[in-house]
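Proteins get letters first, then strands, A, B, ... in listed order; numbering begins at 1 in each.
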Protein chains: 2
Amino acid sequence: MPARPTMKDVARQAGVSTMTVSRVVNGEPGVMPETAARVHRAIRSLGYQRDDVARQLRRKGQLTQTVGILLDNVADPFMASLASAVEDVARQQGSVVLIGSSRDDPVREREVVSAFTSRRIDGLILIPVAGSHRFLRNAVATGTRVVCADRSATGLKTDAVVVDNRGSANRAIAHLIAHGHRRIAYLGDRLDIWTIEERYAGYLTALAYAGIPADPAIVRHGLRLADDATAAMTGMLAEADPPTAVLASNGIVGLGVRAALPAGTALVSFDDFLLAAQLDPPVTVIAQDPVAMGSTAAHLLFSRIHGDSSPPRTVVLPTRLVARGSGEISGPY
Amino acid sequence: MPARPTMKDVARQAGVSTMTVSRVVNGEPGVMPETAARVHRAIRSLGYQRDDVARQLRRKGQLTQTVGILLDNVADPFMASLASAVEDVARQQGSVVLIGSSRDDPVREREVVSAFTSRRIDGLILIPVAGSHRFLRNAVATGTRVVCADRSATGLKTDAVVVDNRGSANRAIAHLIAHGHRRIAYLGDRLDIWTIEERYAGYLTALAYAGIPADPAIVRHGLRLADDATAAMTGMLAEADPPTAVLASNGIVGLGVRAALPAGTALVSFDDFLLAAQLDPPVTVIAQDPVAMGSTAAHLLFSRIHGDSSPPRTVVLPTRLVARGSGEISGPY
DNA sequence: TTGAAAGCGCTAACAG
DNA sequence: CTGTTAGCGCTTTCAA
């Protein structure tokens with residue numbers, strides 16, 4: 001395996017100093033066209049490419065043009081869209097993106113953050129897992145900008161881009177109640193996830209506001225997979241006094257619930273999903289815009305990287321309740 | 001903003017040399033526990049973290065523990081699952097992952113590859129866009145390992161992990177013919193994408209084998225979005241002698257076709273998608289396993305990185321024809 | 001317009 | 001067990 005050629009190799013071949021090569025490689029002015037051409041020829045003939053690892057070392061205080069994005073799970077469509085939007089903005093800004101999945105594991109999250117910061121990323125888009133993020137303070141203090149997306153972090157004041165989860169859940173329940181439902185189940189993911197907690201709180205608030213007592217018999221937490229949700233729903237339907245409507249805390253749960261849902265039972269799910277409209281009956285969803293979220297978070301991150309040091313901001317993006325008539329239109333009877 | 005502390009800072013604070021700090025930081029043996037403790041204390045008090053950018057520079061010939069993955073579009077569920085599997089393997093191997101989207105643009109692909117290789121990635125998982133990949137030769141010659149996934153590259157001999165696209169399409173058409181269909185449409189993405197070309201070839205072969213003449217009136221290429229596919233399908237149905245069955249070249253197209261499909265018309269689509277089974281009628285699919293593909297490609301990549309220099313291999317993963325009875329069971333009449 | 005010298009933060013190689 | 005020296009590939013600074 002031939003070693004990667006260096007500026008020295010190019011300099012020797014072109015009969016100039018490494019400084020001249022450096023100037024040519026970086027398009028700096030003050031090199032005779034004649035000389036530059038000789039250097040370019042040597043570059044091509046050797047297949048030289050600038051080593052940015054070495055470059056970054058010398059250019060201290062400069063940016064590495066690398067940002068990180070750490071999310072739950074790249075395979076989740078919501079996260080994937082968000083990541084894609086972040087990547088687009090990063091590319092526009094001339095940066096590359098390191099990606100990592102925490103899989104909701106705080107240990108893994110710390111490890112990945114550490115692997116990222118030891119590579120001197122300029123900034124981090126973080127979808128924080130449950131638990132404290134005080135460990136990020138060092139990183140922030142030494143210049144790594146952090147913007148949270150989807151969820152906000154605890155123990156650390158950062159910029160964040162979120163939606164009004166509580167209000168959205170509240171509106172969804174109000175919508176069901178307006179259509180005559182009073183026995184409304186909640187099926188959800190782990191309650192220690194910030195967004196999930198907020199959504200559940202919205203569910204409770206809306207019931208309380210309507211004077212409907214919350215019934216633990218039709219509430220399930222901790223559903224991670226679609227199959228978990230299907231099983232939970234099936235179990236709930238077998239009990240006495242089953243619900244006439246269901247709120248699903250997120251897309252995965254919604255999907256799982258849908259598979260067990262009897263005709264006529266209403267379903268409102270957080271997160272729009274492909275095909276939700278093609279199902280019969282279609283599923284009513286609380287749609288978020290992951291692209292807007294990723295793009296907003298990325299723009300915020302780069303404005304920080306470029307020197308914006310105003311106080312941390314939380315941007316709240318709107319959601320849309322897409323009423324598709326999953327049974328709630330005709331009412332429970 | 002306080003500057004990031006260096007080994008020198010730690011050494012001064014602990015009253016030792018930087019070499020001793022280096023040994024402690026890297027967990028090397030031969031440091032008195034007493035001394036190590038002093039160093040650790042200094043590290044904590046300063047919030048020191050090793051700078052891997054500098055480290056990689058000195059440890060030449062060593063790995064940067066960074067791999068790249070360059071795909072079409074992170075937001076595509078198939079690609080997202082593949083990327084997620086790659087990330088899992090990379091993490092196991094102690095590497096981080098740079099991610100980039102080519103969006104089917106060869107210029108963008110080259111730019112991203114260049115940004116990656118200038119950061120001295122150890123290896124690259126590539127989902128190649130159409131066109132020649134000869135430009136990667138330099139990178140390969142100087143030590144960057146490349147493994148293609150999903151599609152193989154032209155103009156460059158690399159490892160690749162693919163499925164038998166042609167054979168799978170062939171089997172799907174044979175399946176439809178066996179159920180009595182003779183007027184079978186093909187709706188597909190851009191024909192210059194390797195997988196799509198193969199699938200279309202399989203479609204033609206199967207028809208020819210059955211003695212059914214191919215009819216350009218029921219063939220459409222270049223469908224990029226679901227809406228394109230819906231429009232194409234709608235148009236086709238309005239013409240004389242519409243098809244009784246359809247082959248969709250990929251999930252996006254399948255989704256779009258499904259939206260315009262009259263009851264009783266059969267649909268077989270490449271790529272399984274969430275909810276395909278919950279639709280009524282459900283969609284028959286040619287299911288690939290993106291996780292297996294990503295994981296296989298990543299393992300192959302790391303075996304290369306760790307010195308395997310046997311001739312390039314192409315691994316062909318199986319597909320599954322999941323017959324869900326989208327109208328083909330009952331036949332065309 | 002070009003080059004020489006120094007040094008970024010770290011570690012290999014050797015010396016004590 | 002610990003330290004010194006040199007140098008990774010590049011860019012900054014200064015001199016020619």
- Query: Which residues pass the side-chain hydrogen bond (donor to acceptor under 3.5 Å, both in side chains) test with A/T117, sequence neighbours left out?
  - Reply: B/Q49
- Please list, chain by chain and in numerical order, all residues satisfying side-chain hydrogen bond (donor to acceptor under 3.5 Å, both in side chains) with A/H299, sequence neighbours excluded. none
- Message: Assess whether a salt bridge exists between A/D51 and A/K8, defined as any Lys/Arg side-chain N lying under 4.0 Å from an Asp/Glu carboxylate O.
- Response: no
- Message: What's the angle between the local helix axes at either end of the helix from C/dT1-D/dA16 to C/dG16-D/dC1, using five pairs per end and rounding to 10 degrees?
- Response: 40°
- A/R58 has a side chain; which of D/dT2, D/dT11, D/dC8 sits nearest to it? D/dT11
- Task: Examine distances only and state if a side-chain atom of A/S95 and a backbone atom of A/V67 form a donor-acceptor pair shorter than 3.5 Å.
- Result: no
- Note on the structure: With sequence neighbours left out, the residues meeting salt bridge (Lys or Arg N to Asp or Glu O under 4.0 Å) with B/R190 are B/D192
- With B/E109, which residues qualify under side-chain hydrogen bond (donor to acceptor under 3.5 Å, both in side chains), at least two apart? B/H133
- Query: Contacts to DNA chain D from residues 19-30 of chain A, heavy-atom cutoff under 4.0 Å, which residues?
  - Reply: A/M19, A/S22, A/N26
- B/T142 (side chain) donor-acceptor with B/N138 (main chain) under 3.5 angstrom: yes
- Map A/Q62 and A/A54 onto DNA chain D by nearest heavy atom, then report which one ends up closer to the 5' terminus. A/A54
- d(CG, A/D52; C1', D/dC10) in whole Å: 10 Å
- Message: Run the salt bridge (Lys or Arg N to Asp or Glu O under 4.0 Å) test against B/E28 and tell me which residues pass, sequence neighbours left out.
- Response: none
- Give every residue pair that meets the salt bridge (charged side-chain N to carboxylate O under 4.0 Å, His left out) criterion with at least one member in residues 64-81 of chain B, sequence neighbours excluded. B/D72-B/R151
- Note on the structure: Atom CZ of B/R59 and atom C1' of D/dC8 are separated, to the nearest Å, by 12 Å
- Query: Going by an N to O cut-off under 4.0 Å, is there a salt bridge joining B/D9 and B/R12?
  - Reply: yes
- Measure from CG on B/L57 to C1' on D/dG7 and round the result to the nearest Å. 9 Å
- Item | side-chain contact (heavy atoms from CB on, under 4.5 Å) between B/Q288 and B/S81, intermediate numbers included | CA-CA 11 Å; B/Q288 308 184 58; B/S81 294; over 6 Å; no
- Message: With salt bridge (charged side-chain N to carboxylate O under 4.0 Å, His left out) as the rule and sequence neighbours excluded, what pairs involving residues 295-311 of chain B come up?
- Response: B/D159-B/R304, B/R304-B/D308, B/D308-B/R313
- Query: Taking DNA chain C as the partner, which of residues 32-50 of chain A come within under 4.0 angstrom of it by heavy atom?
  - Reply: A/M32, A/T35
- Within residues 5-18 of chain A, find the residues that approach DNA chain D with a heavy atom at under 4.0 Å, and present them sorted by residue number. A/T6, A/M7
- Please identify each residue that fulfils side-chain hydrogen bond (donor to acceptor under 3.5 Å, both in side chains) with A/S101, with sequence neighbours left out. B/E87
